[in-house]
Amino acid sequence: MEVPEAANVRVRIAPSPTGFAHLGTASTALYNVLFARQSRGTFALRIDDTDQERNRPEYEQLIYESLGWLGLNWDEGPDRGGPYAPYRQSERVDLYRQYAAKLLADGKAYKCFCTAEELEAERRQAQFEKRPYKYSRRCLIDPPKDRTEFAVRFKVPGGEVKFKDMIRGEMVFDADLIGDFILMKSDGFPTYQFASPVDDAAMKISHVIRGEEHLSNTPYQLMIIDALAYERPVAYAHMPLILAKDGAKLSKRKHPESNLMLYREQGYLPEALINYLALLGWNPGTPQEIFTFDELVKVFSFDRVQHAGARFDWEKLNWINGEWIRAMDDAELVRRLRPFLPDLDDATIMRAVPALKTRMVKLADAVPLLDYLWTDPEPPVLEPDAIDRIKAAFAAIQDVRWEPEPLHEALTRVADESGVSRNKTFMPIRLSLTGKKISLPIDYTLALLPKDVAMQRLRRVAG
RNA sequence: GGCCCCGUCGUCUAGUGGACUAGGACGCAGCCCUCUCAAGGCUGAGACCGCGGGUUCGAAUCCCGCCGGGGCUACCA
């Protein structure tokens with residue numbers, strides 16, 4: 001489908017700082033950024049912190065950190081300002097109150113004094129009578145005189161609400177089915193349904209790109225924009241949801257893989273996560289699977305976005321991450337590896353990289369492969385002929401230059417002379433050096449260790 | 001319950017009436033390479049296109065019904 005023309009493309013993401021930064025936030029941020037960059041538009045970050053109960057400043061920090069790590073940089077936001085500041089909803093409360101007052105004055109909203117219990121009773125009654133629930137409008141029809149605490153409720157005008165979705169085409173909703181909903185909570189804060197469209201309009205957002213969970217919310221928000229006589233966004237795009245293995249929407253509580261920081265901690269490359277996220281719910285229509293960010297900017301389009309939710313799959317992510325690691329420049333890989341290997345210097349990491357590269361799915365995988373360099377493993381108990389082979393190897397490498405290649409030559413020579421498989425010689429050495437059955441190739445395993453340490457570990461096993 | 005979205009190999013997907021004996025990728029299996037583990041190469045298994053009706057000479061592709069999944073329906077976002 002054609003992307004509607006807009007003189008000035010302005011998009012935004014509006015995460016809530018209610019816990020760790022979410023994978024879904026990264027996903028929608030990515031699509032927003034891609035669209036902004038390819039249309040030379042502006043990408044804004046707005047913090048939707050109207051939930052007094054659950055918001056925390058440190059969670060907001062986590063959002064900055066996570067998106068920054070992924071390289072999904074915003075042009076406007078609470079931390080860097082912009083022409084539509086402030087970008088934190090908690091700092092825009094006056095605006096919402098002002099608009100709520102206007103709607104009240106215009107008779108497009110009304111005060112609701114109902115308690116949570118009364119509302120709950122209404123809802124239960126409707127369910128009991130098996131009819132769809134809509135607020136009864138009792139506070140519109142016959143407001144109680146003796147109460148002071150109130151919320152502001154929108155008087156839903158009903159009728160048809162139509163809008164354009166860049167993925168699904170023309171959408172039509174029947175607003176007669178929508179009950180009057182809350183605009184301002186009794187704590188004086190706006191609800192998401194109110195604050196979000198007000199800000200989108202005030203910030204001149206041209207395209208609202210967000211998760212599919214908001215598709216049904218769109219008519220609510222459009223009615224508010226209309227009631228306020230604001231201009232509507234040019235178009236919406238509701239992206240398919242990222243689903244967990246169980247098929248449900250990824251949730252913070254149930255699915256730890258929704259935590260963005262997890263990926264950084266385990267050593268997934270931001271490039272790889274971006275690559276994977278792009279492919280979850282979108283495809284290029286070509287066999288290409290590995291994409292840089294710039295390539296994505298060139299080829300991404302909403303008409304190739306999936307309509308159905310996509311399940312998150314570690315295996316595919318692992319593969320993409322491995323591809324990125326293998327393709328990475330050695331020096332750059334050293335730089336990325338550094339935080340995972342605080343006990344090693346760059347020179348050592350650099351020497352390990354050629355052998356390491358094809359053996360890592362994620363950066364943290366380097367640790368079990370190299371930890372014998374800074375820890376002293378238990379000496380293994382070996383058979384007599386294994387000890388003999390270590391002795392032979394020991395003699396053979398005694399005066400060899402301490403590099404993988406000459407070590408390889410010397411070692412294969414003695415191994416082949418033994419008449420049995422090379423493994424019979426290499427495995428005892430591996431065990432003596434690392435205490436493990438799995439390690440880098442034996443020449444690297446030796447060469448990475450200082451010669452005296454290596455020889456000492458062999459000597460104590462083979463006497 | 002109501003409304004909305006969706007339904008192709010285990011997973012991500014190609015496919016928009018005939019080139020489909022349904023293609024690719026991940027994963028899986030086997031073989032090759034090989035000092036372990038990977039990487040790499042080759043081969044293979046795996047989808048009666050959710051089900052049932054139509055329309056059509058012809059349907060994964062169009063229509064209807066059903067079933068299944070997800071989302072929204074909060075003084076959460």
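Just so it is clear, the structure is predicted and the values come from calculations on it, not from any experiment. These numbers come from the heavy atoms of this one structure, side chains and all, not from hydrogens, waters or symmetry mates. Convention: sequence-line order gives letters A, B, ...; per-chain numbering from 1.
Under the Watson-Crick and G-U wobble criteria, each requiring two contacts below 3.5 Å, nucleotide U61(B) is left unpaired. Pairing for G40(B) is with C32(B), a Watson-Crick or G-U wobble pair whose two hydrogen-bonding atom distances lie under 3.5 Å. With a cut-off of 3.5 Å on both Watson-Crick or G-U wobble distances, the partner of G1(B) is given as U73(B). The partner of C48(B) cannot be assigned: no Watson-Crick or G-U wobble pair with both contacts below 3.5 Å exists in any strand. With both pairing distances under 3.5 Å, C9(B) is matched to nothing as a Watson-Crick or G-U wobble pair.
In this structure, H238(A) reaches neither bases nor backbone, as no heavy-atom distance under 4.0 Å exists between it and the strands shown. S16(A) comes within contact range of the sugar-phosphate backbone alone, with a heavy-atom separation under 4.0 Å but no base atom that close. Among the atoms of the strands shown, none is found under 4.0 Å from any heavy atom of T412(A). When heavy atoms are screened at a 4.0 angstrom cut-off, I320(A) is found touching no nucleic acid atom at all. Across all strands, D174(A) comes closer than 4.0 Å to no nucleic acid atom at all (heavy-atom distances). Using a 4.0 Å heavy-atom cutoff across all strands shown, E213(A) reaches sugar-phosphate atoms only and no base atom.
In terms of phosphate contacts, T191(A) brings no side-chain nitrogen or oxygen within less than 4.0 Å of OP1 or OP2 of A74(B). For C75(B), one of the phosphate oxygens OP1 or OP2 lies less than 4.0 angstrom from a side-chain nitrogen or oxygen of R123(A). A sub-4.0 Å separation between OP1 or OP2 of C5(B) and a side-chain N or O of H307(A) is absent. Checking the phosphate oxygens (OP1, OP2) of A74(B), no side-chain nitrogen or oxygen of K185(A) falls inside 4.0 Å.
Atom CZ in R168(A) sits about 14 Å away from atom P in C4(B), given to the nearest Å. In this structure, NZ of K424(A) is placed 13 Å from P of C35(B), rounded to the nearest angstrom. Computed from coordinates, the L215(A) CG to C3(B) P distance equals 15 Å when rounded to whole Å. One interatomic measurement links the two molecules: CG of D365(A) to P of C37(B), which rounds to 16 Å at whole-angstrom precision. When the C1' atom of C72(B) is taken as reference, atom CZ of F181(A) falls 13 Å away, rounded to whole Å.
By the side chain to side chain donor-acceptor pair (under 3.5 Å) test, W282(A) pairs with no residue at all, sequence neighbours left out. For H214(A), the ring-ring contact (aromatic ring centres under 6.0 Å, His included) partners two or more places apart in sequence, or in a different chain, are Y192(A).
Nearest-nucleotide positions on RNA chain B place A355(A) closer to the 5' end than the other of A355(A) and D49(A). Between S421(A) and G285(A), it is G285(A) whose nearest contact on RNA chain B lies nearer the 5' terminus.
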Do any N or O atoms of the protein come closer than 3.5 Å to N or O atoms of nucleotides 16-21 of chain B, and which pairs are they?
none

Dump every N/O contact between nucleotides 9-13 of chain B and the protein below 3.5 Å, one line per pair.
from, atom 1, to, atom 2, distance (Å)
C12(B), OP1, R311(A), N, 2.9
C12(B), O2', L279(A), O, 3.2
U13(B), OP1, G281(A), N, 2.9
U13(B), O3', N283(A), ND2, 2.8
U13(B), O3', Q306(A), NE2, 3.2

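When all heavy atoms are compared, the tightest approach of L279(A) to P284(A) is CD1-CD, 4.4 Å.
The gap from the C1' atom of A60(B) to that of C48(B) amounts to 12 Å, rounded to the nearest Å. Between the P atoms of G69(B) and A22(B), the separation comes to 29 Å (whole Å). Comparing G71(B) with C31(B), their C1' atoms are spaced 47 Å from each other, to the whole Å. Taking atom P in both C63(B) and U56(B), the straight-line distance is 15 Å, to the nearest Å. G1(B) sits 39 Å from G17(B) when the C1' atoms are compared, rounded to a whole Å. With C1' as the reference atom, G70(B) and G50(B) are 15 Å apart, rounded to whole Å. Nucleotides U55(B) and U61(B) place their C1' atoms 13 Å apart, quoted to the nearest Å.
Cation-pi geometry between R153(A) and Y135(A) is satisfied (NZ or CZ under 6.0 Å from the ring centre, within 45° of the ring normal).
When ring centroids are compared, F302(A) and F300(A) come within the 6.0 Å threshold.
Side chain of M171(A), nearest nucleotide from C75(B), C5(B), C3(B): C5(B). Closest to the side chain of P441(A), out of A77(B), C35(B), C6(B), is C35(B).
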Please report the C-alpha distance between K254(A) and D246(A) in whole Å, then the side-chain angles of each, then the deciding distance to 0.1 Å, and finally whether the salt bridge (charged side-chain N to carboxylate O under 4.0 Å, His left out) criterion is met.
CA-CA 10 Å; K254(A) 283 175 61 192; D246(A) 60 12; 3.8 Å; yes
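Side-chain contact between L23(A) and E257(A) is absent, with no heavy-atom pair separated by less than 4.5 Å. With a 4.5 Å cut-off on side-chain heavy atoms, K362(A) and L317(A) do not count as touching.
Pairs of residues two or more places apart, or lying in two chains, that qualify as side chain to side chain donor-acceptor pair (under 3.5 Å) and include a residue from residues 423-432 of chain A are R430(A)-S439(A).
Side-chain N/O atoms of D199(A) and Y96(A) include a donor and acceptor closer than 3.5 Å.
Interface remark: the S186(A) side chain does form a donor-acceptor pair with the C75(B) base, using a distance-only criterion of under 3.5 Å. On a pure distance criterion of 3.5 Å, no polar donor-acceptor pair joins the side chain of R153(A) and the base of C75(B).
A salt bridge does not link E212(A) to K249(A): none of the charged side-chain nitrogens sits closer than 4.0 Å to a carboxylate oxygen.
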Go along nucleotides 39-44 of chain B 5' to 3' and tag each nucleotide: B for a protein heavy atom under 4.0 Å from its base, S when only backbone or sugar atoms are that close, - otherwise.
SS----
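No side-chain donor-acceptor contact under 3.5 Å links K436(A) to the backbone of L369(A).
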